[in-house]
Amino acid sequence: MIISGNIKETRNQIKEWKRHGLSVGFVPTMGYLHEGHKSLMEAAKRENDKVAVSIFVNPIQFGPNEDFASYPRDLEKDAALCESVGVDLIFHPEAEEMYAEDFSTYVDMNGLTKELCGKSRPTHFRGVQTVVSKLFHILPADRAYFGQKDAQQLAVIKKMVRDMSMDIEIVGCPIIREADGLAKSSRNTYLNAEERAAALVLSRSLAEGKKLVESGERDVSKIKKCIEAVITGEKLARIDYVEIVDFADITPIENLDAAKTGEILCAIAVYIGKTRLIDNFICKYR
């Protein structure tokens, strides 16, 4: 397995594989890998001849009061997990390799980035789109794999690729959960034992909301109130948002029947203590 922090070397390696007719799957990550990341790598391994993973904590997607400095990092552990799956290349650059001192070019979009996480993290998706665009140029793969846990990010990346005519297929993969239902996240490591138990309120509240949808409820306000009631019952939880949107374009709706394709995204962001966690479900009901 190759580990490189050099853009030119990494790009040349991908191009060499493709010159030999090999397909390449790419998994962009910020490291501190867990079972969710592993599932993306395994999907890439099944569907491609070669697999590349990037491990880069991207500074420009963090706001000024967010957790960039404390974001967990462990390259040795990450590399061992990648090797166990059969990853062929890890791209692990320093920030200086990705962003020159006079860096001033960004990728942004209207619409999809303004709702959900975009409301409380207004510069986040500009940073995500910029780094992912750069990574797609550095690692010109055939397919890139993203998890559904970051459902808005998945929608944003798909639209960016479509709008910019990028020659790469975006593959969305299911949320991976702990046995008790908590969605896998690198930020789960911030939780102490009491907070870890409290964090189960995210998946529990979504399960109640999904039951309402499946029972035929179409009034978004009623579904949201059900979810919010479960979350506010947990003393360590503080709601950032509970939203139900049309998954086609991440626009708010008042009734599920207003969704253009009959597919909705119910997404939540909740602080457990000081740690902000996200979770969601996607439901196609017609």
Side-chain angles (χ1 to χ4, degrees), residues 34-36 39 66-67 112 114-121 124 146-156 172-259 262-286:
H34 51 66
E35 291 294 321
S39 72
E66 294 181 347
D67 58 341
L112 267 65
K114 306 307 178 189
E115 301 296 332
L116 307 180
C117 289
K119 286 183 178 178
S120 55
R121 306 182 73 191
H124 172 68
F146 292 83
Q148 183 195 304
K149 186 176 79 68
D150 297 294
Q152 185 177 15
Q153 173 179 276
L154 175 60
V156 166
C173 298
I175 297 173
I176 303 299
R177 299 183 179 276
E178 304 281 1
D180 58 10
L182 182 66
K184 296 269 189 179
S185 170
S186 301
R187 289 189 169 95
N188 291 347
T189 59
Y190 297 160
L191 304 171
N192 62 33
E194 185 183 13
E195 291 168 340
R196 173 62 179 75
L200 295 179
V201 75
L202 278 82
S203 57
R204 194 165 66 246
S205 69
L206 287 173
E208 292 301 313
K210 193 170 186 180
K211 279 183 193 173
L212 267 186
V213 175
E214 291 172 345
S215 71
E217 181 60 63
R218 294 293 176 262
D219 187 328
V220 164
S221 65
K222 290 180 180 179
I223 301 165
K224 287 171 63 174
K225 283 177 184 175
C226 169
I227 294 168
E228 289 165 354
V230 176
I231 298 170
T232 54
E234 169 51 60
K235 62 181 173 56
L236 295 182
R238 176 169 59 88
I239 294 172
D240 181 2
Y241 66 75
V242 174
E243 296 290 349
I244 296 175
V245 298
D246 187 337
F247 192 47
D249 54 12
I250 316 296
T251 53
I253 51 176
E254 295 182 0
N255 189 289
L256 299 192
D257 292 328
E263 191 168 34
I264 59 103
L265 166 66
C266 178
I268 62 176
V270 178
Y271 285 93
I272 303 295
K274 294 182 179 179
T275 303
R276 183 179 183 273
L277 301 176
I278 61 173
D279 203 345
N280 67 77
F281 69 82
I282 295 168
C283 186
K284 193 171 182 68
Y285 58 91
R286 71 168 190 264

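Bear in mind the structure is a predicted one, so any value in this text is a computation, not a measurement. Residues: numbered from 1 along the sequence shown.
- With sequence neighbours excluded, the residues forming a salt bridge (Lys or Arg N to Asp or Glu O under 4.0 Å) with Arg121 are Glu66, listed by chain and number.
- Within the model, atoms CD1 of Ile268 and CD1 of Ile231 stand 4.5 Å from one another, a figure rounded to the nearest 0.5 Å.
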Stepwise side chain to side chain contact (heavy atoms under 4.5 Å, CB included) test for Asp279 and Arg177: CA-CA 10 Å; Asp279 203 345; Arg177 299 183 179 276; 2.8 Å; yes
Side chain to side chain contact (heavy atoms under 4.5 Å, CB included) between Ile239 and Thr232, intermediate numbers included: CA-CA 8 Å; Ile239 294 172; Thr232 54; 4.0 Å; yes
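- Here the shortest heavy-atom pairing between Gly209 and Ile223 reads O-CG2, 3.9 Å.
- Residues Val213 and Ile244 have side chains not in contact (no heavy-atom distance under 4.5 Å, counting atoms from C-beta outward).
- Of all heavy-atom pairs spanning Phe281 and Leu206, the tightest one is CE2-O, 3.5 Å.
- Here the closest non-hydrogen pair linking Glu195 and Gly273 is OE2-CA, 3.8 Å.
- Contacts of His34 classified as ring-ring contact (aromatic ring centres under 6.0 Å, His included), with partners at least two apart in sequence or in another chain: His37.
- With contacts defined as side-chain heavy-atom distances shorter than 4.5 Å, the pair Leu277/Val270 does not qualify.
- Only one option out of Thr275, Thr189, Asp180 pairs with Arg196 in a side-chain hydrogen bond (donor to acceptor under 3.5 Å, both in side chains); it is Asp180.
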Verdict with supporting geometry, Leu200 and Leu182, side chain to side chain contact (heavy atoms under 4.5 Å, CB included): CA-CA 6 Å; Leu200 295 179; Leu182 182 66; 4.0 Å; yes
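- At least one side-chain heavy atom of Leu265 sits under 4.5 Å from a side-chain heavy atom of Leu116.
- Scored by the side-chain hydrogen bond (donor to acceptor under 3.5 Å, both in side chains) test, Ser221 finds Asp219 as partners (sequence neighbours excluded).
- The side-chain hydrogen bond (donor to acceptor under 3.5 Å, both in side chains) test applied to Glu208 returns Lys211, not counting sequence neighbours.
- Put simply, CZ on Arg276 and CZ on Arg238 are 10.0 Å apart, with the number rounded to the nearest 0.5 Å.
- Applying the side-chain hydrogen bond (donor to acceptor under 3.5 Å, both in side chains) rule to Lys210 yields no partners; only residues at least two apart in sequence or on another chain are considered.
- Between Leu236 and Val201 the shortest side-chain heavy-atom distance does not fall below 4.5 Å.
- The two residues Lys149 and Lys184 make their nearest non-hydrogen contact at CE-O, 3.1 Å.
- Heavy-atom neighbours of Glu254 CD from other residues, nucleotides or ligands within 6.0 Å: at or below the threshold of 12.
- In terms of heavy-atom proximity, Ala151 sits nearest to Asn280 at CB-ND2, 3.7 Å.
- Between Glu115 and Thr251, every side-chain heavy-atom pair lies at or beyond the 4.5 Å cut-off.
- One finds the CG atom of Leu112 at 10.5 Å from the CG atom of Leu154 (value rounded to the nearest 0.5 Å).
- For Lys114, the NZ atom is densely surrounded, since the number of other residues' heavy atoms within 6.0 Å is greater than 12.
- Side-chain atoms of Glu243 never come within 3.5 Å of backbone atoms of Pro252 as a donor-acceptor pair (strictly under, hydrogens ignored).
- Considering all non-hydrogen atoms of both residues, Ala258 and Asp246 come closest at O-OD2, 4.2 Å.
- Annotation: side-chain hydrogen bond (donor to acceptor under 3.5 Å, both in side chains) contacts of Glu228 (sequence neighbours excluded): none.
- Cys117 places a side-chain heavy atom less than 4.5 Å from the side chain of Tyr241.
- The environment of NZ in Lys284 is crowded: more than 12 heavy-atom neighbours from other residues, nucleotides or ligands sit within 6.0 Å.
- The side-chain contact (heavy atoms from CB on, under 4.5 Å) test with Leu202 is passed by exactly one of Val230, Ile272, Ile278: Ile272.
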